[in-house]
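Residue numbering restarts at 1 for every chain, and letters A, B, ... go by the order of the sequence lines.
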Amino acid sequence: MIELEKSYDASKVEADIYQKWLNSGYFTPENLPDRPDLTAEQKRPYTIVLPPPNVTGNLHMGHAFEDTIQDILIRFRRMQGRRALWIPGTDHASIATESKVAKLLEKDGVRKSDLGRTEFVKKVEQFTAESHDVIINQLKQIGASLDWTREAYTLDDKRAEGVRVAFKTMYDDGLIYQGYRVINWDPKGQTVISDDEVVHQERDAQLYTFRYSKDFPIPIATTRPETKVGDTAVAVNPNDPRYQQYIGKEYDMTFCGVPIHIKIIADEAVEIDFGTGALGVTPAHSIIDFEMSQRHNLPLVQVINEHAKMMVGGENLVNKKTTEARLVIVEWLQQQDLLEKTEDIKQSVGTAERTGAVIEPLPKLQWFIAVNKPFAMKQSHIPGINTGDQVTLKQLMQHVIEQKTIGIVPARFEKTYFNWINNLRDWCISRQLWFGHRIPVWYRANNTGIDGGSEREIYCDITPPEGEGWEQDPDTLDTWFSSGLWTFSTLGWPENTSDLQTYHPTSAIIPGYEILFFWVARMILMSTYLLGDIPFKNIYLHGIVRDNRGRKFSKSLNNGVDPLEVTEKFGTDALRMALVFGAAPGNDTAFDEQKVKGMKHFGNKLWNVARFILMNVDMKNVGLKESDEFSPEDEFVLKDLGLYRTRYDEARVVEKVTADLENFMLHEAAQTLYNSLWYEFADKYIEHSKPALNGDDDNNKRIKQTILYQSLVTYLKLLHPFMPFETEEIWSKLTQKDLLIVEPWPQQ
RNA sequence: GGGCGAUUAGCUCAGCUGGUCAGAGCGCUUCGUUUACACCGAAGAUGCCACAGGUUCGAAUCCUGUAUCGCCCACCA
C-alpha cells in the first residue's frame with residue numbers, strides 16, 4: 001500500500017516532472033517508444049508549429065491559453081501513438097520590436113538616429129535575447145511539450161536563407177515588384193505600413209464645402225482642406241445632370257497662394273448624393289484619388305512630406321503641420337468668401353497599429369506582392385489545382401478554403417476570411433525599418449536614392465552581387481513575410497529535408513482569430529505558392545482572454561494577470577483546466593481567478609480519488625473473471641469507461657472525450673471529464689465500493705478493487721493532456737512503468 | 001455601408017448535427033468532525049434560455065423579424 005499526502009501540492013512536483021519529460025526525450029518524436037500494436041497509418045506524424053511569440057516581452061494569459069490548447073492536442077495525439085511534433089520558436093516581430101526598443105531608448109534620451117543602424121540593431125538584439133529567455137521559461141512553466149531540439153527564430157540564419165529564397169523566387173516570377181504609388185505612411189514610425197496595419201478609428205471632424213475660386217463652377221466638400229493645394233482634378237459622376245456641361249474643362253487658379261490646375265473629369269466612383277456630388281481629386285495624398293488619377297492620366301503633385309508637413313505655399317503654409325495648415329486654409333477660404341458650409345461629421349481616420357499616428361497617404365516607391373497576377377504553378381499537391389495551371393495568389397488562398405482542403409474551426413470564420421480576400425490589394429512588403437530581414441536587392445546607383453533614378457541597375461539574389469558600386473536596398477521586409485514561411489521554414493526549407501517531407505503539411509495551427517489575416521492567410525499564400533501545398537490541414541482559432549469583467553487586458557487599465565503568479569498560487573494544471581473549461585472555439589473567454597480555484601479543487605479531488613484507491617487496492621489482486629457478477633454500479637462504470645471490452649463494447653466517456661478532442665472541442669472534453677470523475681465516479685462509485693472493500697466477500701472485493709484501479713488508470717490517461725503534471729505524479733506512484741506521457745490512449 | 005457574434009441561475013460561461021439540455025465554476029441557504037478529500041459530503045434556492053412570430057408530435061437548440069451590446073471589414077470625399 002502506498003500513502004499519498006493528504007492534498008496535491010503542485011509547487012513541489014512540477015519542476016521535477018518537467019525535467020523528467022525533458023530527460024526522456026519524448027518531446028522529440030524520433031525518441032518515442034515503438035508501438036508495435038499500431039499500424040503505420042496510426043503512427044503517422046501529427047505536427048503543430050507554435051505561433052511564435054514576439055520577442056518583445058513576457059507571455060500573457062492569452063499565450064497561456066494558446067499554449068495550453070496546443071499542448072492538450074499534442075499530448076493527446078502522442079498518446080494515441082502519433083509521431084507528435086510541436087515546434088517551438090520566437091518571432092523577431094520587426095516593427096513591434098523596433099518601436100518598443102526605440103521607446104525604451106527615448107526614455108534614456110537616446111534617439112534611434114543618434115545610434116545609427118548598426119548600433120541600434122545591436123541594442124535591439126540585446127533586448128530580444130533577454131526577452132527570449134523569459135519566454136522559453138514561461139513555456140516550460142505551462143508544461144508545453146515542445147521539441148526544444150528544433151527551436152527556431154524568424155530572424156536566425158536558416159530562416160533568413162528561406163526569406164531570401166522566397167523573395168527571389170517571387171521576384172523571378174514577377175510576383176514581387178517595385179511600384180511607385182500612394183501608400184500608407186506612418187509619420188511617427190517613419191515607415192510605410194500595409195493596409196492591414198491601418199486601424200480605422202471613428203473621430204469627430206469638420207466637412208468643409210467650398211470653391212477653389214469665385215470663378216470655379218462647382219463647389220466641393222472635404223475634411224482635409226490642406227491637401228487641396230495638391231488637387232489636379234475635380235471628379236463628378238458622368239450621370240449627374242448638374243455638372244455634365246463642365247466635364248473636360250480645365251481651370252488655372254491660385255489657391256491660398258499656390259497655383260493649381262484643375263481638370264473636370266467624370267468617374268463612376270463619385271456618388272451623386274454625397275456632399276456636393278463633386279470630388280476634389282488629390283492624387284498624391286489619397287489612395288482612392290491616386291487610383292482615379294491613373295484611370296484619367298492626371299498629374300500627381302506631392303504637397304505633404306514624410307513628417308506630415310506642408311511642402312508648398314508661402315510662409316503661412318510651408319513647413320506647417322497638416323493640422324495647422326488646415327486652419328490656415330480654412331481661414332483663407334473664409335476671408336475670400338469661398339467657404340460655403342462647415343458641418344460636424346463622424347469620420348473614420350486611419351491610424352498606425354503600432355504608433356497610433358494618423359496615417360498620411362504619400363506617393364512612394366515600395367515593394368509589393370502582386371496578388372492578382374496570374375502565374376504558372378511550378379508544382380501542385382493541392383486538390384483541384386494542377387502543376388502548370390495559371391493561377392493568382394488570391395485564387396490559391398481562396399481555393400484551399402473553399403474546397404475545404406484546409407478546415408477552419410469555428411467554420412463561421414470562413415466568411416470573414418473570404419470577405420478579406422475579396423477586398424485584398426497588393427501587399428506592401430517593404431518597411432523603412434532597421435530591425436528585420438533586409439531586402440535581397442542591390443542597386444548600382446547612378447542617382448541619389450531609390451525614389452529617384454530610372455537608369456540604375458537592379459540585382460536580386462540570395463547572395464550579394466559581384467563587382468563594384470552595388471548598394472543593398474536599405475529597407476527591411478514586413479515581419480509577416482518571414483512568419484508566412486513559418487510552417488516550413490521551421491522544418492528546414494529551402495532544403496528538401498526529411499523533416500519537411502515527414503512533417504509538412506502540418507496538422508493544425510492554433511492562432512487567435514485576430515491574426516487570421518495577418519498571419520494565417522499569409523502562411524496559406526506562401527505555402528501554396530512556394531511548396532504547392534497547404535501549410536496545415538486545420539485552423540483552430542481561439543478567442544481572446546479577457547479579465548473577469550470582460551475587458552481586454554491592457555496596460556492602460558492595468559488589469560493584467562501574470563500567468564506565472566497564477567500557477568504559483570494554484571498550480572499549472574489548475575490554470576490550464578480553467579483556461580480551457582467552458583472556452584468554445586473562437587469565443588472570447590473571461591479569466592477569473594475563482595475559476596482557477598475551482599479547478600484546483602478538482603485537482604485535489606482527483607488526488608484524493610487516487611489516494612483512496614492506492615490505500616484500498618492490492619495491485620496484485622487485480623483482475624476480472626468470466627464468472628464475475630457485477631452490480632449495476634459496477635456495470636455502469638465498466639461501460640462508461642470501456643473497461644471490460646470483452647463483455648461491454650460501450651465506452652461513453654472515452655468515446656466522447658476522444659471525439660471531442662479530435663474535433664477541437666476541448667471545452668466539451670474537459671467538462672465531460674470533470675463531471676464524470678467527480679459526480680459519477682467519486683460521488684457514486686467510490687461510495688458504492690466502500691462496503692465491499694471493508695467486507696468479507698473476497699470475490700466482490702477483488703471486483704471492486706479491479707474496477708477502481710482500472711478506472712483510475714483510464715482517468716489519468718484521459719486527464720493527462722489537460723492536467724499533465726498531477727496525472728504524471730500520480731502515475732509515478734501507481735506504477736513502475738514508463739512515463740504517462742507515452743502511455744497508450746484508452747481504446748475507444 | 002457590409003459582415004459576424006452575443007443576449008441561458010447573483011457573477012463568468014458551456015449546451016456540438018432539434019426530443020433525460022435546463023447545466024458547470026464561483027457565490028448563497030441548511031445540515032454533517034463516518035479512516036479519500038472541509039481544496040469535502042448531503043440536501044436546497046435562484047432561470048417564461050432577450051422579445052415577437054413561424055416550422056415541428058416536440059425548440060434554448062432550426063427559420064423570419066425586432067431590440068440591446070460587442071467585434072471585424074470598408075475608397076463616403
Please step through side chain to side chain donor-acceptor pair (under 3.5 Å) for the pair A/Asn604 and A/Lys600, ending with a clear verdict.
-> CA-CA 6 Å; A/Asn604 196 55; A/Lys600 186 190 175 211; over 6 Å; no
Under 3.5 Å, side chain of A/Thr282 to main-chain N/O of A/His285, donor-acceptor pair present?
-> no
Under the 3.5 angstrom rule, does the side chain of A/Thr276 hit a backbone N or O of A/Pro219 as a donor-acceptor pair?
-> yes
Taking ring-ring contact (aromatic ring centres under 6.0 Å, His included) as the test, write out the residues that go with A/Phe413, two or more places apart.
-> A/Tyr513
Produce a footprint string for nucleotides 30-35 of chain B: one letter per nucleotide, 5' end first; B if the base is under 4.0 Å from any protein heavy atom, S if only the sugar-phosphate is, - if neither.
-> ------
Nearest to the side chain of [X], which nucleotide is it out of [options]?
{"X": "A/Ile288", "options": "B/C75, B/C76, B/G15", "value": "B/C75"}
{"X": "A/Asn604", "options": "B/C37, B/G3, B/A77", "value": "B/C37"}
{"X": "A/Lys415", "options": "B/A24, B/G3, B/G15", "value": "B/G3"}
{"X": "A/Arg412", "options": "B/A74, B/C37, B/G5", "value": "B/G5"}
{"X": "A/Asn419", "options": "B/G15, B/G2, B/C75", "value": "B/G2"}
{"X": "A/Asp683", "options": "B/G15, B/C39, B/G41", "value": "B/G41"}

Given pairs defined as Watson-Crick or G-U wobble with both distances under 3.5 Å, what dot-bracket annotation applies to RNA chain B, with ( ) intrastrand, [ ] crossing, | other strand and . unpaired?
-> (((((((..((((.........)))).(((((.......))))).....(((((.......))))))))))))....
What ring pair (Phe, Tyr, Trp, His ring centres under 6.0 Å) pairs are there with at least one residue in residues 591-612 of chain A, not counting sequence neighbours?
-> A/Tyr8-A/Trp607, A/Phe602-A/Tyr674
Pairwise N/O distances under 3.5 Å, protein to nucleotides 62-64 of chain B:
none

Which residues satisfy the salt bridge (Lys or Arg N to Asp or Glu O under 4.0 Å) test with A/Asp592, sequence neighbours excluded?
-> none
Using atom P of each nucleotide, how far apart are B/A38 and B/G44 to the nearest Å?
-> 24 Å
Would you kindly check whether a donor in the side chain of A/Lys605 faces an acceptor in the base of B/C37, or vice versa, at under 3.5 angstrom?
-> yes
Assess whether one donor atom and one acceptor atom, taken from the side chain of A/Gln347 and the base of B/A77, lie less than 3.5 Å apart.
-> no
